[in-house]
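Remember, predicted model here, so these are calculated numbers, not experimental data. Protein chains get the first letters and strands the later ones, always in sequence-line order, with residue 1 at the start of each.
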Protein chains: 2
Amino acid sequence: MAGANRVPAERRRRRPTRGGVLLSADLIIDTAVRLSHEHGPEGLSVRRLGAALSCDPSAVYRYFHSTDDLHLAIADRLIGEAMRGFTPDDDWTAALRGMALRIRAVLLAHPRLAVLAASRVTRRENEFRAVETGIAILLRAGFGAAGAVRAYHLFIDTVLGHAALEAAALALPDARREADERAWTDAYQSCPDDTHPALAAVRHELHRMGGSAFEAALDVLLTGLRQVHASG
Amino acid sequence: MAGANRVPAERRRRRPTRGGVLLSADLIIDTAVRLSHEHGPEGLSVRRLGAALSCDPSAVYRYFHSTDDLHLAIADRLIGEAMRGFTPDDDWTAALRGMALRIRAVLLAHPRLAVLAASRVTRRENEFRAVETGIAILLRAGFGAAGAVRAYHLFIDTVLGHAALEAAALALPDARREADERAWTDAYQSCPDDTHPALAAVRHELHRMGGSAFEAALDVLLTGLRQVHASG
DNA sequence: GCCCTTATGTCAACAGGGTTGACCTACCTG
DNA sequence: CAGGTAGGTCAACCCTGTTGACATAAGGGC
């Protein structure tokens, strides 16, 4: 918390930058989101932000206490983007599935921000609403208070964990990402059969490791959750 | 791959640093691992590494092409550490569970490295062996080649995703981590009941969100996997 | 319509980061 | 013992977040 609201949300004196831009928290977040996927990895920095807004980098600190503060605001923006217009399916597992896919889609669209955002608690409006939505789905499904919170917790962490992992891979410089992907059809194909018999046995299936396990994992998790729900 | 083995693993001419230390890839990795959890977040840097080894920072580049190369080597070291002495249980779900807990324990012990390591493919010996072990467990359980790879993929990504998330939280500066944790017993307790009825209904259970969902998620995932295995 | 306060943009500086190319020296091979 | 070169060192480059002093224009009170 410590001074989290020392920076006023509403400004009275609006003064344009040297480049004629009228700064605002929203504009800064917009620009940050744009920067982060226009430029390559590490594309987002206070200095680049300053350049993009044609203002001095330090002006950002008039709107956010630190880059961490800015990151949390960005994270909340992404959550809002993910959940905008979401109406949960009547079937609770389908509802959770839909929510998971939305969150993943947004995080993959902003891989570099995803890494920062996924593990944080923004404690801001959009996150409040998302948690409200998720818990409501589970309560309506018949989970008790404790069960709903437990289920939501493991669900959302699984979704965020997978998404963060995929995003981190996407956020790598091209050369590294491709090298990582090639590993399964390359280095892993060259492991000696005698010392790695299991790898040898599945050699022609290893390419699957290069892709995403998100939906498969999600479906298995929901299968498990359904079973837990049914059996008490 | 590009030049991945341009740096020879074995050295002939061993020449001590000004501080009298005989460098080696292993010693550098050792020191890096130690640094990363002796000092706080951002405790690991090439320059600090140089200081700890009493050598010039740039000497590290004689052993690793870049920090990324070093990070992969560290990741592989952690995998080795996690799997050392691991003997899978006869029950395949118990075996996977044991493997998951080991990986998580090591990643949580080195939170800052975990964030770097979890999403990468080290394509090095220890990782080869770990994948071999995991696939072997699933083949022995009766999964076919494709099923074993699919199951391993979604299993390991779930484990790594959760572990990375927890590690990222642990790697935060104390103030930020505590603020994130407090959110559930603090900011989330203050959401208006009328706009957030589900949150209101589970208010006294929300504190659970602050802890770890790892084991709960793991158990639900294994439950799901068991069902998938049984029904096909 | 002016003046004062102060919010807010600007500037310069600091400490730290990865990486590179030139240098030089001590080691190993022959 | 001589020569070639691996490998440690040094200085430089450009990047990063952050801070404190500074200046200026905005807007409220009169």
Side-chain angles (χ1 to χ4, degrees), chain A residues 2-3 5-25 27-28 31-32 35-36 39-72 74 112 116 172-173 175-176, chain B residues 3 5-28 31-32 35-36 39-72 74 112 116 172-173 175-176:
Chain A
N5 26 19
R6 209 153 346 124
V7 171
E10 302 276 328
R11 308 253 145 178
R12 304 254 180 103
R13 302 193 182 175
R14 311 205 59 198
R15 176 180 173 180
T17 70
R18 217 172 27 151
V21 178
L22 270 182
L23 292 183
S24 70
L27 177 62
I28 293 175
T31 310
L35 274 187
S36 89
H39 298 35
E42 312 304 312
L44 178 59
S45 76
V46 182
R47 299 179 117 97
R48 227 190 288 266
L49 209 38
L53 291 162
S54 64
C55 71
D56 189 89
S58 63
V60 171
Y61 292 101
R62 301 270 178 217
Y63 295 82
F64 302 95
H65 298 96
S66 60
T67 49
D68 187 65
D69 192 22
L70 172 61
H71 291 333
L72 287 184
I74 293 172
R112 276 180 295 293
L116 303 170
L172 287 175
R176 290 180 200 167
Chain B
N5 27 16
R6 211 160 337 129
V7 170
E10 303 274 328
R11 309 252 145 176
R12 304 252 178 108
R13 301 193 181 175
R14 309 205 61 199
R15 177 180 173 179
T17 70
R18 218 172 28 152
V21 178
L22 269 181
L23 292 183
S24 71
D26 270 343
L27 177 61
I28 293 175
T31 309
L35 275 187
S36 88
H39 299 33
E42 310 305 314
L44 178 60
S45 75
V46 180
R47 297 179 121 99
R48 225 191 289 268
L49 208 39
L53 291 162
S54 64
C55 71
D56 188 88
S58 63
V60 171
Y61 292 101
R62 301 273 178 213
Y63 294 82
F64 302 95
H65 298 96
S66 60
T67 48
D68 185 66
D69 192 22
L70 171 62
H71 290 158
L72 286 184
I74 292 172
R112 297 221 1 87
L116 303 170
L172 288 175
R176 289 179 200 169

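Of all heavy-atom pairs spanning Pro57(A) and Val46(A), the tightest one is O-CG1, 3.4 Å. Between Leu23(B) and Cys55(B) the shortest heavy-atom distance is CD1-SG, 4.1 Å.
Look at Ser58(A) and you won't find any side-chain N or O under 4.0 angstrom from OP1 or OP2 of dG9(C). Proximity of Tyr63(B) to the phosphate of dG8(D): a side-chain N or O atom is located under 4.0 Å from OP1 or OP2.
Side chain of Thr17(A) to main chain of Ser54(A): a donor-acceptor pair is present (N/O by atom type, distance under 3.5 Å, no hydrogens or angles).
Atom pair Arg47(A):CZ and dT18(D):C1' shows a separation of 9 Å (rounding to whole Å applied). The interatomic distance linking His71(A) (NE2) with dT16(D) (P) rounds to 13 Å, in whole Å. We find that CG of Leu35(A) is positioned 11 Å from P of dT16(D), with the value rounded to whole Å. Separating the CG atom of Leu22(B) from the P atom of dG8(D) is a distance of 9 Å, rounded to the nearest angstrom. Taking atom CG on Leu44(B) and atom P on dG17(C), their separation rounds to 10 Å, with Å as the unit. Distance Leu70(B) CG to dT19(C) P: 10 Å, rounded to the nearest Å. Across the protein-nucleic acid pair, Leu23(A) atom CG and dA7(C) atom P stand 17 Å apart, rounded to whole Å. Rounded to an integer number of Å, the gap from Arg62(A) CZ to dA25(D) P is 16 Å.
Along DNA chain D, the nucleotide nearest Thr67(A) and the nucleotide nearest Pro16(A) are compared for position; the residue whose nucleotide lies closer to the 5' end is Thr67(A). Residue order along DNA chain C, read from the 5' end via each residue's closest nucleotide, puts Cys55(A) first among Arg48(B) and Cys55(A).
In this structure, the separation between CZ on Arg48(A) and CG on Leu53(A) is 13.5 Å, given to the nearest 0.5 Å.
Checked by distance alone, Arg18(A) brings no side-chain donor or acceptor within 3.5 Å of a matching partner on the base of dG9(C). One can find a donor-acceptor pair under 3.5 Å joining the base of dT24(D) and the side-chain atoms of Arg15(A).
When the nucleotides dT10(C), dG17(C), dT8(C) are ranked by their closest atom to the side chain of Asp56(A), dT10(C) comes out on top. In the set dG8(D), dC11(C), dG9(C), the nucleotide with an atom closest to the side chain of Ala59(A) is dG9(C). Which of dG17(D), dG18(C), dG8(D) sits closest to the side chain of Tyr61(A) comes down to dG17(D).
Across Val60(B), Asp26(B), Leu49(B), a single residue satisfies side-chain contact (heavy atoms from CB on, under 4.5 Å) together with Thr31(B), and that is Leu49(B).
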